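Note that these values count all heavy atoms, side chains included, but never hydrogens, waters or copies made by symmetry. In this text the structure is predicted, and so the values were computed from the model without any measurement. Labels below follow one simple rule: chain letters A, B, ... track the order of the sequence lines, proteins then strands, and each chain is numbered from 1.
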Amino acid sequence: MTVVTRFAPSPTGFLHIGGARTALFCWLYAKKMKGKFILRIEDTDIERSTQVSVDAILDAMAWLNLDYDEGPYYQTKRFDRYREAMDQLLEEGKAYRCTCSKERLEALRAEQTANKEKPRYDGHCRDKKKGEAKPFVVRFRNPQEGVVEFNDLIRGKLIFQNSELDDLIIARTDSTPTYNFTVVVDDNDMKVTHVIRGDDHINNTPRQINMLRALGATLPIYSHVSMILGADGKRLSKRHGAEGVMEYREDGFLPDALLNYLVRLGWSHGDQEIFSRDELIQLFDMDHINKSPAAFNLEKLYWLNQHYMKTSPIDVVAKELAWHMDRLKIDTTCGPSLAEIISAQAERVKTLKEMAERSRYFYEDVSYNDESVKKNITPEALPALTMLQEALTNLPEWNKELLHKTLEDVAEKCAIKLGKIAQPLRVAVTGDTVSPPIDQTLVLLGRERTLERLKRAIFD
RNA sequence: GCUCCCUUCGUCUAGCGGUUAGGACGCUGCCCUCUCACGGCGGUAACGCGGAUUCGAAUUCCGCAGGGAGCGCCA
């Protein structure tokens, strides 16, 4: 039997980090089992669903490089099918029309809450013969006795009493179907074999199983993944920084770094921390997914991001860096290539955004940090800088080795340590005290820019 | 309130009846060094509590506590 998984977000906002991890797990499992991964947009809430959100989710999936074999399916395009399934249940007496008013339901809930009972529908219309000509909803006739039992791949055996469940609404007064019903119909129609989703759906599962059975469907295997918490252990929210996947792009993370981070949040393979995509597909399994919720830790993501900036194919990194350069309006046509920037900067920055920001001086006029200038370009440093300028002007070639040697020679002649000349020079050509090794920096800058800036530093 | 889920270093985790409880991020000491970093070698720090089973429990069972989710004509 081919494995079929699905990711089914509702388009009421961007793709957030928890959803991305669920999608990743679904995607990985399908890939590993050589099955199919389906994307389904659950947009039955017409009020809250927007095209903007759909696009945002699709964009995020694309950026993460999580491709789907089928879809995106849209539930709003399947209303006929839901109607058909509902009619079937109605006809078989597995669902019924309920004419209870919202007021009655509210009163019922209030009463139950006051009595410290779990709010639920009381089955008022369950056995009514013919409904009057009033607006109605359709409710699923949930079994009242017995238990629903299923074996969750992550949690193990889960058992629910039917007596805890009530007759949920599967079609609204306006006849549109509701979530729990559309999920069931779709999972069945799309032959989903593995439902991998957030553990906030655990409580929906027994109801869905009951409906699946009423529909005569084969039950899928369930895997409920725990939530991602904020750094403070509380629910993830704006407070902790980014929630949306695309915010991580804006902050300068590589998709592979984010994915690697996400997969290790809850899943493990011994002590291994770094996984290529192929490795993940090969090694991923449900047996090693953790049951407990995990707190999001930005520091570790930074570490992974740097690792990926250093080790990913340079064109992959360059493509993403170009996006950031563009965003920061840095014109990189005149100056070192992005590949050169990456090899010079990757090990000293945590994000691509930082890399772009800190590489400005390779392409644009320097902006000097007054304090650094004051501290480094001192009267004592001037003789060395002047001597250096002359040496650099006459340099037959402009390469790292020669530059390094020149610096050392000048330092020796002035009887100072290399640092005493490298730092003033660094400030002179980059504006501040931090940059790649000075010889490399000069190579990237080129002779013209270097001399021009050096001259300015000496005379101003 | 009711139902369900969860609980190993600060964080992510390994562990599946016998380990000096391992790794990673972070923090930190030393080395390297032209700055910032990278890297190398160390250090720091954990089984929520109480019972039970067992020769032996982080591992099994039962309570408790703490945290979370669900209880919509939302998904």
Side-chain angles (χ1 to χ4, degrees), chain A residues 8-12 42-45 47-49 75 98 100 102 105-106 109 112-121 135-139 152 155 158-161 163-166 168-180 182-183 198-206 224 226-227 229 231 233-235 261 264-274 288 290-304 306 310 345-350 358 372 376 404 407-408 411 417-427 430 432-439 441:
Chain A
S10 53
T12 54
E42 312 221 316
D43 54 355
T44 52
D45 184 353
E47 294 284 303
R48 296 197 303 155
S49 299
Q75 293 191 318
C98 167
C100 291
K102 285 186 184 176
L105 295 177
E106 256 164 54
R109 233 184 315 261
Q112 287 163 331
T113 310
N115 291 338
K116 304 190 174 191
E117 285 167 22
K118 184 177 182 171
R120 74 233 284 192
Y121 182 62
F136 64 87
V137 297
V138 177
R139 285 181 187 273
D152 190 288
R155 318 263 161 174
L158 263 21
I159 301 173
F160 292 80
Q161 299 291 327
S163 55
E164 289 296 329
L165 274 25
D166 65 355
L168 75 159
I169 292 172
I170 58 176
R172 308 179 178 98
T173 313
D174 64 5
S175 86
T176 56
T178 60
Y179 166 76
N180 273 297
T182 55
V183 165
D199 73 353
D200 47 335
H201 288 291
I202 289 184
N203 288 292
N204 285 328
T205 307
H224 287 98
S226 61
M227 302 192 10
L229 270 23
K234 299 272 169 54
R235 198 191 179 114
Y261 177 71
R264 281 287 291 108
L265 215 51
W267 176 79
S268 61
H269 180 72
D271 287 338
Q272 192 170 341
E273 294 287 349
I274 308 287
H288 294 86
N290 224 80
K291 292 192 271 222
S292 41
F296 196 89
N297 181 232
L298 202 55
E299 294 302 327
K300 191 160 181 180
L301 213 208
Y302 279 131
W303 173 73
L304 274 165
Q306 187 179 54
K310 288 192 295 184
Q345 298 281 47
E347 66 189 33
R348 58 201 89 242
V349 296
K350 300 285 190 198
R358 287 179 33 181
S372 302
N376 290 281
H404 191 80
L407 279 171
E408 275 181 335
K417 285 206 229 165
L418 183 59
K420 287 287 175 197
I421 185 159
Q423 262 327 65
L425 174 59
R426 175 171 280 118
V427 173
T430 72
D432 213 337
T433 56
V434 175
S435 88
I438 192 65
D439 44 7
T441 302

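Only the C1' atoms considered, B:rG18 is 15 Å distant from B:rU60, to the nearest whole Å. To the nearest whole angstrom, the two P atoms, one in B:rU11 and one in B:rG72, are 34 Å apart. One C1' atom belongs to B:rA21, the other to B:rA58, and the distance between them is 8 Å to the nearest Å. The gap from the C1' atom of B:rG66 to that of B:rC31 amounts to 45 Å, rounded to the nearest Å. Distance check on atom C1': B:rA45 versus B:rC27 gives 10 Å, rounded to whole Å. Using atom P as the reference point in both B:rU20 and B:rC25, the two lie 25 Å apart (nearest Å). Across B:rU59 and B:rC9, the matching P atoms stand 14 Å from one another, rounded to whole Å. The C1' atoms of B:rC38 and B:rU19 are separated by 34 Å, rounded to the nearest whole Å.
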For side chain to side chain donor-acceptor pair (under 3.5 Å), just list the numbers for A:Gln423 and A:Arg426, CA-CA rounded to whole Å, side-chain angles, deciding distance to a tenth of an Å, and then say yes or no. CA-CA 5 Å; A:Gln423 262 327 65; A:Arg426 175 171 280 118; 2.6 Å; yes
Test side chain to side chain donor-acceptor pair (under 3.5 Å) on A:Ser372 and A:Asp432; report intermediate values, then the result. CA-CA 6 Å; A:Ser372 302; A:Asp432 213 337; 2.6 Å; yes
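Backbone-only engagement by A:Thr44 is indicated by non-hydrogen atom pairs under 4.0 Å involving sugar-phosphate atoms exclusively. Within the nucleic acid shown, A:Pro293 comes within 4.0 Å of sugar-phosphate atoms alone, with no base atom in reach, counting heavy atoms only. As judged by a 4.0 angstrom heavy-atom cut-off over every strand, A:Asn115 is placed among residues making no nucleic acid contact. If you check every strand for non-hydrogen atoms under 4.0 Å, A:Gly198 touches nothing. Looking at heavy-atom distances under 4.0 Å, A:Pro9 makes no contact with the nucleic acid at all. Nucleic acid contact for A:Cys98: none, since no nucleic acid atom lies under 4.0 Å from a heavy atom of the residue. The residue A:Ser435 sits close to a base: some heavy atom pair falls under 4.0 Å. Here A:Phe160 lies in heavy-atom contact (under 4.0 Å) with sugar-phosphate atoms only. Using a 4.0 Å heavy-atom criterion, one finds that A:Gln306 contacts the sugar-phosphate atoms exclusively. Note on A:Ile438: a base of the nucleic acid sits closer than 4.0 angstrom, heavy atoms only. Within 4.0 Å (heavy atoms only), A:His224 reaches no atom of the nucleic acid at all. The residue A:Leu265 sits close only to the backbone: its heavy atoms come under 4.0 Å of sugar-phosphate atoms, none of a base. Base contact: A:Arg48 has a heavy atom under 4.0 Å from a base atom.
Taking CD1 of A:Ile438 as the reference point, atom CG of A:Leu425 lies at 4.0 Å (rounded to 0.5 Å). Atoms CG and CD, on A:Leu304 and A:Glu273 in that order, are 7.5 Å from each other to the nearest 0.5 Å.
By the rule that a glycosidic angle within 90° of 0 means syn, B:rC41 does not qualify and counts as anti.
Nearest nucleotide to the side chain of A:Asn180, out of B:rG15, B:rC71, B:rA75: B:rA75. Nearest to the side chain of A:Glu273, among B:rG68, B:rC71, B:rC12, sits B:rC12. For A:Asn203, taking side-chain heavy atoms from C-beta onward, the closest of the listed nucleotides B:rA69, B:rC6, B:rC5 is B:rA69. Taking only side-chain atoms of A:Glu164, from C-beta outward, the nucleotide of B:rC34, B:rU3, B:rA75 with the closest atom is B:rU3. Here the side chain of A:Trp303 is nearest to one of B:rG68, B:rG26, B:rU13, namely B:rG26. Nearest to the side chain of A:Thr433, among B:rG1, B:rU35, B:rC34, sits B:rU35. Closest to the side chain of A:Lys118, out of B:rA24, B:rG70, B:rC73, is B:rG70. Picking from B:rC6, B:rC38, B:rC34 the nucleotide with the shortest atom distance to the side chain of A:Lys350 gives B:rC38. For A:Glu299, the listed nucleotide lying nearest its side chain is B:rC25; candidates were B:rC36, B:rU11, B:rC25. Side-chain atoms of A:Val434 lie closest to B:rU35 of the nucleotides B:rC34, B:rG15, B:rU35.
Evaluation of atom-type donor-acceptor distances gives no pair under 3.5 Å for the side chain of A:Asp200 against the base of B:rG70. At a cut-off of 3.5 angstrom, the base of B:rC73 holds at least one donor-acceptor pair with the side chain of A:Thr173.
Using a 4.0 Å cut-off, no side-chain N or O of A:Ser226 falls inside it from OP1 or OP2 of B:rC5. Residue A:Lys310 places at least one side-chain N or O under 4.0 Å from the OP1 or OP2 atom of B:rG39. At B:rA14, one or more side-chain N or O atoms of A:Ser268 fall inside 4.0 Å of OP1 or OP2 (strictly under the cut-off). OP1 or OP2 of B:rA14 lies within a sub-4.0 Å distance of a side-chain N or O belonging to A:Asn290. An OP1 or OP2 oxygen of B:rC71 is reached within less than 4.0 angstrom by no side-chain nitrogen or oxygen of A:Arg109.
Panel note: side chain A:Tyr261, backbone A:Phe296; no donor-acceptor pair is recorded below 3.5 Å. The backbone N or O of A:Ser292 lies less than 3.5 Å from a partner atom in the side chain of A:Ser226, making a donor-acceptor pair. Checking side-chain atoms of A:Thr205 against main-chain N and O of A:His201 turns up a donor-acceptor pair under 3.5 Å. At distances below 3.5 Å, at least one donor-acceptor pair connects side-chain atoms of A:Gln112 with backbone N or O atoms of A:Arg120. Remark: the backbone N or O of A:His404 is not paired with any side-chain donor or acceptor of A:Asp439 at under 3.5 angstrom.
Atom CD in A:Gln345 sits about 12 Å away from atom C1' in B:rU35, given to the nearest Å. The CG atom of A:Asn297 sits 6 Å away from the C1' atom of B:rC25 (whole-angstrom rounding). In this entry the distance linking CG of A:Asp166 with C1' of B:rC71 reads 8 Å, nearest Å. Distance OH (A:Tyr121) to C1' (B:rG72): 15 Å, rounded to an integer number of Å. A straight line from CD of A:Gln423 to C1' of B:rC34 spans 7 Å, rounded to a whole angstrom. Rounded to whole angstrom, the span from the CZ atom of A:Arg264 across to the P atom of B:rC12 amounts to 11 Å. Whole-Å rounding puts the A:Asp45 CG to B:rC73 P distance at 13 Å. With rounding to whole Å, A:Asn376 atom CG is found 9 Å from B:rU35 atom C1'.
When each of A:Pro437 and A:Lys300 is assigned the nucleotide of RNA chain B bearing its nearest heavy atom, the one mapping closer to the 5' terminus is A:Lys300. Between A:Gly419 and A:Lys291, the residue anchored closer to the 5' end of RNA chain B is A:Lys291, taking for each the nucleotide with the nearest heavy atom.
Between the side chains of A:Thr441 and A:Ser435, at least one donor N or O lies within less than 3.5 Å of an accepting N or O.
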